[in-house]
Trainee: 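Structure incoming, see below.
Everything numeric in this text was worked out from a predicted model, so none of it was measured. Note that the numbering runs from 1 along the sequence shown for the chain.
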Amino acid sequence: MNKPISRSEPDREPGHEPVVLGAADFFARSRAKLGFDVPLGLYDPNIVPASGDPGTDKMLAIVAREQPVRPAAVLIAVVDHPEPTILLTQRSAHLNDHAGQIAFPGGKIDATDTSPLDAALREAEEEVGLSRDFVEPLGYLDLYGTAFGFRILPTVARVRPGFELTINHSEVDDAFEVPLSFLMNPANHQVHSKEFRGMERSYYAMPFAERYIWGATAGMLRVLYERIYSS
């Protein structure tokens, strides 16, 4: 995967300190702070969702003038290990959109999906074979707008260990887990930048070992941190 040429600095804003993480605490906070009300902006074409990242929001405002911003759903699957992890995928290199990038299981919401939650669970089954029997949904995170014209509603879920994955290589090259403690540590939330249509675009990145987690995936992880630990 080609990485953007970028500058990076860790996030060290006042009050954004590393959090002490445990599975029970994270799941308790998630149940208390999340719910299953579907935001109007998921389907209303007149609402352009924000990401919380000014660079991404500027790009999405441009894209929204050119094409519809399509609804999508992803699953933020937090695996209930003694040291919890988040399940991520690496998209197949041959795909037209976001080839080779790190992502959550998920995709466009189909007409046959009964809810964004149903779409996220379906996509997780289709992409990596994650059985719904292991998944306990905890609630929706904030609606997230991407610079490539999607309005994404993430479902945060507790995943019971012991599942077996079956990778659908037409969509995904790999699936892997990253420690929640790494992803929820603001010292690892770097801000990178690149040029887009003559403008400097900023976005979050959380490089982990050989994995380059960036863009919408890193942005939603940042929103998760802020919602669960900062709000």
Side-chain angles (χ1 to χ4, degrees), residues 1-4 42 51 56 70-81 84-138 140-141 144-180 182-184 188 192 203-224:
M1 177 181 64
N2 293 327
K3 299 181 183 179
L42 181 62
S51 70
T56 297
R70 296 161 288 178
V74 300
L75 187 69
I76 301 181
V78 184
V79 186
D80 192 2
H81 297 302
T85 60
I86 289 183
L87 178 67
L88 294 170
T89 69
Q90 182 159 1
R91 290 170 58 82
S92 294
H94 66 267
L95 295 175
N96 292 329
D97 295 326
H98 314 301
Q101 292 186 10
I102 305 301
F104 299 110
K108 290 178 286 187
I109 298 175
D110 291 344
T112 55
D113 294 319
T114 59
S115 66
L117 166 60
D118 186 49
L121 294 174
R122 174 185 56 76
E123 287 282 350
E125 286 182 319
E126 292 177 357
E127 290 183 354
V128 297
L130 178 62
S131 170
R132 299 181 187 218
D133 295 341
F134 288 84
V135 181
E136 177 195 349
L138 303 175
Y140 294 130
L141 196 59
Y144 189 93
T146 79
F148 293 94
F150 285 96
R151 51 184 82 227
I152 300 176
L153 188 59
T155 296
V156 180
R158 172 186 172 270
V159 177
R160 178 168 51 88
F163 56 87
E164 293 184 5
L165 299 182
T166 303
I167 304 299
N168 178 356
H169 289 285
S170 67
E171 298 187 54
V172 171
D173 280 341
D174 193 16
F176 59 96
E177 298 175 31
V178 177
L180 183 69
F182 176 88
L183 297 171
M184 295 296 100
N188 298 323
H192 291 194
Y203 52 88
Y204 283 108
M206 303 174 188
F208 178 76
E210 76 279 9
R211 310 285 188 176
Y212 186 65
I213 305 166
W214 72 291
T217 302
M220 284 182 274
L221 287 167
R222 173 68 185 198
V223 172
L224 179 66

Trainee: Check whether any side-chain heavy atom of Phe163 sits under 4.5 Å from a side-chain heavy atom of Asp133, and report yes or no.
Mentor: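 Answer no - side chains too far apart.
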
Trainee: Is a side-chain donor or acceptor of Asn168 paired with a backbone partner of Glu126 at a separation under 3.5 angstrom?
Mentor: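 Yes, Asn168 side chain to Glu126 backbone: donor-acceptor pair under 3.5 Å.
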
Trainee: So do Pro116 and Tyr140 actually touch side chain to side chain, heavy atoms under 4.5 Å?
Mentor: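 Yes, at least one pair of side-chain atoms sits under 4.5 Å.
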
Trainee: Set out, in order, the CA-CA distance, both residues' side-chain angles and the distance that settles side-chain contact (heavy atoms from CB on, under 4.5 Å) for Val135 and Thr155, then state yes or no.
Mentor: CA-CA 11 Å; Val135 181; Thr155 296; over 6 Å; no

Trainee: Do Leu130 and Leu75 have side chains that get closer than 4.5 Å, going by heavy atoms?
Mentor: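 Contact flag for Leu130/Leu75 side chains = yes.
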
Trainee: Within this structure, what is the OG1-CZ distance for the pair Thr85 and Phe182, rounded to the nearest 0.5 Å?
Mentor: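 Thr85 OG1 to Phe182 CZ: 14.0 Å, rounded to 0.5 Å.
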
Trainee: If I take atom CG from residue Leu87 and atom CD1 from residue Ile76, how far apart are they, to the nearest 0.5 angstrom?
Mentor: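 It is 11.5 Å, given to the nearest 0.5 Å.
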
Trainee: Could you measure the distance from the CZ atom of Arg70 to the CZ atom of Arg151? Nearest 0.5 Å is fine.
Mentor: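 So the gap between those two atoms works out to 11.0 Å.
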
Trainee: Would you give the length of the straight line joining atom CG of Leu221 to atom OH of Tyr144, rounded to the nearest 0.5 angstrom?
Mentor: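 With rounding to 0.5 Å, CG (Leu221) is 9.5 Å from OH (Tyr144).
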
Trainee: For a 4.5 angstrom cut-off between non-hydrogen side-chain atoms, does Pro71 reach Leu153?
Mentor: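 Of all side-chain heavy-atom pairs linking Leu153 with Pro71, none is under 4.5 Å.
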
Trainee: Between Thr114 (side chain) and Asp118 (backbone), is there a donor-acceptor pair under 3.5 Å?
Mentor: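 No: the side chain of Thr114 does not pair with the backbone of Asp118.
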
Trainee: Considering all heavy atoms of both residues, which atom of Ala175 and which atom of Val128 are nearest to each other, and what is their separation?
Mentor: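 Nearest pair, atom of Ala175 first, then Val128: CB-CG1, 4.1 Å.
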
Trainee: Assess whether side-chain contact (heavy atoms from CB on, under 4.5 Å) is satisfied between Met206 and Val178, documenting all intermediate values.
Mentor: CA-CA 11 Å; Met206 303 174 188; Val178 177; over 6 Å; no

Trainee: Ignoring hydrogens, what is the shortest heavy-atom contact between Phe150 and Ala72? Give both atom names and the distance.
Mentor: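 So the two residues come closest at CD2-CB, 4.0 Å.
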
Trainee: Could you go through the side-chain contact (heavy atoms from CB on, under 4.5 Å) check for Phe104 and Ile86 one step at a time?
Mentor: CA-CA 9 Å; Phe104 299 110; Ile86 289 183; 4.1 Å; yes

Trainee: Looking at every non-hydrogen atom in both residues, tell me the closest pair between Gly162 and Phe134 and how far apart they are.
Mentor: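 Scanning both residues, the minimum pair turns out to be C-CE2, 3.6 Å.
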
Trainee: Any side-chain heavy atom of Leu224 sitting closer than 4.5 Å to one from Met184?
Mentor: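 Counting from C-beta outward, Leu224 and Met184 do come under 4.5 Å.
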
Trainee: Taking the side chain as every heavy atom from C-beta outward, state whether Met220 and Val156 have any atom pair closer than 4.5 Å.
Mentor: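 No; the side chains remain at least 4.5 Å from each other.
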
Trainee: For Ala103, is there any backbone N or O sitting under 3.5 Å from a side-chain donor or acceptor partner on Thr89?
Mentor: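 At least one qualifying donor-acceptor pair exists.
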
Trainee: Under a 4.5 Å cut-off applied to non-hydrogen side-chain atoms, are Glu177 and Val159 in contact?
Mentor: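 Side chain of Glu177 against side chain of Val159, heavy atoms only: no contact under 4.5 Å found.
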
Trainee: For a quick test of reading the model, state the closest non-hydrogen atom pair linking Ala73 to Ala120 and the distance between them.
Mentor: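 For Ala73 versus Ala120, the nearest heavy atoms are CB-N, 4.0 Å.
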
Trainee: Find the distance between OH (Tyr212) and CD (Gln90) and round it off to the nearest 0.5 Å.
Mentor: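 So the gap between those two atoms works out to 13.5 Å.
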
Trainee: Do the non-hydrogen side-chain atoms of Pro161 and His81 ever get within less than 4.5 Å of each other?
Mentor: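 Sidechains of His81 and Pro161: in contact.
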
Trainee: As an exercise, state the distance from CG of Asp113 to NZ of Lys108, rounded to the nearest 0.5 Å.
Mentor: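 Interatomic distance, Asp113 CG to Lys108 NZ, rounded to 0.5 Å: 12.0 Å.
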
Trainee: Walk me through whether Phe176 and Arg211 qualify under side-chain contact (heavy atoms from CB on, under 4.5 Å).
Mentor: CA-CA 10 Å; Phe176 59 96; Arg211 310 285 188 176; 3.5 Å; yes

